[in-house]
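One structure is given here, and the rest of the page talks about it.
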Amino acid sequence: MTRIDLRTEAWLSDIGLYCGGNTYDPVKLRQITTEKSEWSERLKRNFRHVLISRQLSVLDYEEKVDIEFGSDDELYAYLQRLYAYLFQDGPFPEWS
C-alpha cells in the first residue's frame with residue numbers, strides 16, 4: 001500500500017460504506033449526497049481531491065473497498081464515472 005494523505009483515507013472510509021464490494025449501493029449514496037450536509041460536502045471535496053491528486057493506486061482501493069481494477073487508469077475512469085453519477089447527474093457507474 002502506498003502512503004496516502006488523510007483526505008484520501010477519509011474518502012476511502014466514506015466511499016467504502018456504500019460502494020464497497022459487499023455493499024455496492026451508489027443509488028443510496030446518491031440519495032444521501034443530494035441532501036446537503038457537512039458529510040456530503042466533505043465527501044465531494046475529498047472526492048475531487050482524490051481525482052486530482054491521483055495518489056490512490058488500484059491496490060490501495062482494493063484493500064479498502066474490496067473491488068479490483070486492472071490498472072490505475074481503469075480505476076480513475078470508474079471513479080470519474082462515479083463522481084459524475086453522484087454530483088453531475090451522470091449515468092449509473094458500472095464497475096464489473
Side-chain angles (χ1 to χ4, degrees):
M1 182 167 169
T2 58
R3 181 154 169 79
I4 55 177
D5 63 46
L6 292 176
R7 289 178 74 181
T8 302
E9 188 69 39
W11 176 83
L12 274 170
S13 294
D14 290 342
I15 211 72
L17 294 172
Y18 297 97
C19 292
N22 295 320
T23 59
Y24 195 67
D25 195 359
V27 173
K28 179 70 173 172
L29 183 56
R30 186 178 193 181
Q31 291 170 349
I32 292 169
T33 57
T34 58
E35 299 170 12
K36 298 301 177 202
S37 69
E38 184 178 325
W39 183 87
S40 66
E41 290 300 315
R42 184 188 75 205
L43 179 70
K44 186 176 183 178
R45 281 191 311 272
N46 288 344
F47 207 145
R48 280 194 308 257
H49 171 77
V50 166
L51 292 173
I52 291 167
S53 70
R54 288 186 61 107
Q55 65 175 271
L56 187 66
S57 73
V58 292
L59 295 176
D60 298 326
Y61 193 79
E62 179 183 347
E63 183 176 288
K64 294 285 187 170
V65 182
D66 203 28
I67 295 176
E68 295 180 24
F69 289 91
S71 69
D72 288 351
D73 288 339
E74 288 178 21
L75 169 63
Y76 281 95
Y78 164 76
L79 293 178
Q80 191 63 56
R81 289 190 305 273
L82 179 58
Y83 183 90
Y85 173 73
L86 295 174
F87 303 110
Q88 300 170 336
D89 203 29
F92 186 83
E94 297 293 339
W95 62 270
S96 51

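Counting from 1, the numbers follow the sequence of the chain as shown.
Considering only residues two or more places apart in sequence or on other chains, Tyr18 meets the ring pair (Phe, Tyr, Trp, His ring centres under 6.0 Å) condition with none of them. By the side-chain contact (heavy atoms from CB on, under 4.5 Å) test, Val58 is found to be paired with Phe69, Asp72, Leu75, residues two or more places apart in sequence or in another chain being considered. Every residue meeting the ring pair (Phe, Tyr, Trp, His ring centres under 6.0 Å) condition with Phe47, not counting sequence neighbours, appears here in chain and number order: Trp11, Tyr83. Looking at residues two or more places apart in sequence or on another chain, you find no side-chain contact (heavy atoms from CB on, under 4.5 Å) involving Glu35. For Asp25, the side-chain contact (heavy atoms from CB on, under 4.5 Å) partners two or more places apart in sequence, or in a different chain, are Val27, Lys28.
Between Phe92 and Tyr24, the ring planes are perpendicular. Angles over 60° get that label, and only those under 30° would be called parallel.
Counting only residues at least two apart or in different chains, salt bridge (charged side-chain N to carboxylate O under 4.0 Å, His left out) contacts with residues 43-55 comprise Arg54-Asp73.
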Run the numbers on Ile4 and Leu12 for side-chain contact (heavy atoms from CB on, under 4.5 Å), then give the verdict. CA-CA 10 Å; Ile4 55 177; Leu12 274 170; 3.6 Å; yes
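Rounded to the nearest 0.5 Å, atoms CG (Leu51) and CG (Asn46) are 11.0 Å apart. From Leu56, atom CG reaches atom NZ of Lys64 across 10.5 Å, with rounding to the nearest 0.5 Å. Here the CD atom belonging to Gln88 is positioned 13.5 Å from the CZ atom belonging to Arg81, to the nearest 0.5 angstrom.
The two residues Pro26 and Leu82 make their nearest non-hydrogen contact at CB-CD1, 4.2 Å. Contact detail for Phe87 and Leu43: the closest heavy-atom pair is CZ-CD2, 4.3 Å. Between Gly16 and Val65, the shortest heavy-atom contact is CA-CG2, 4.5 Å. Of all non-hydrogen atoms in Ser40 and Ile32, the two that sit nearest each other are CB-O, 4.2 Å.
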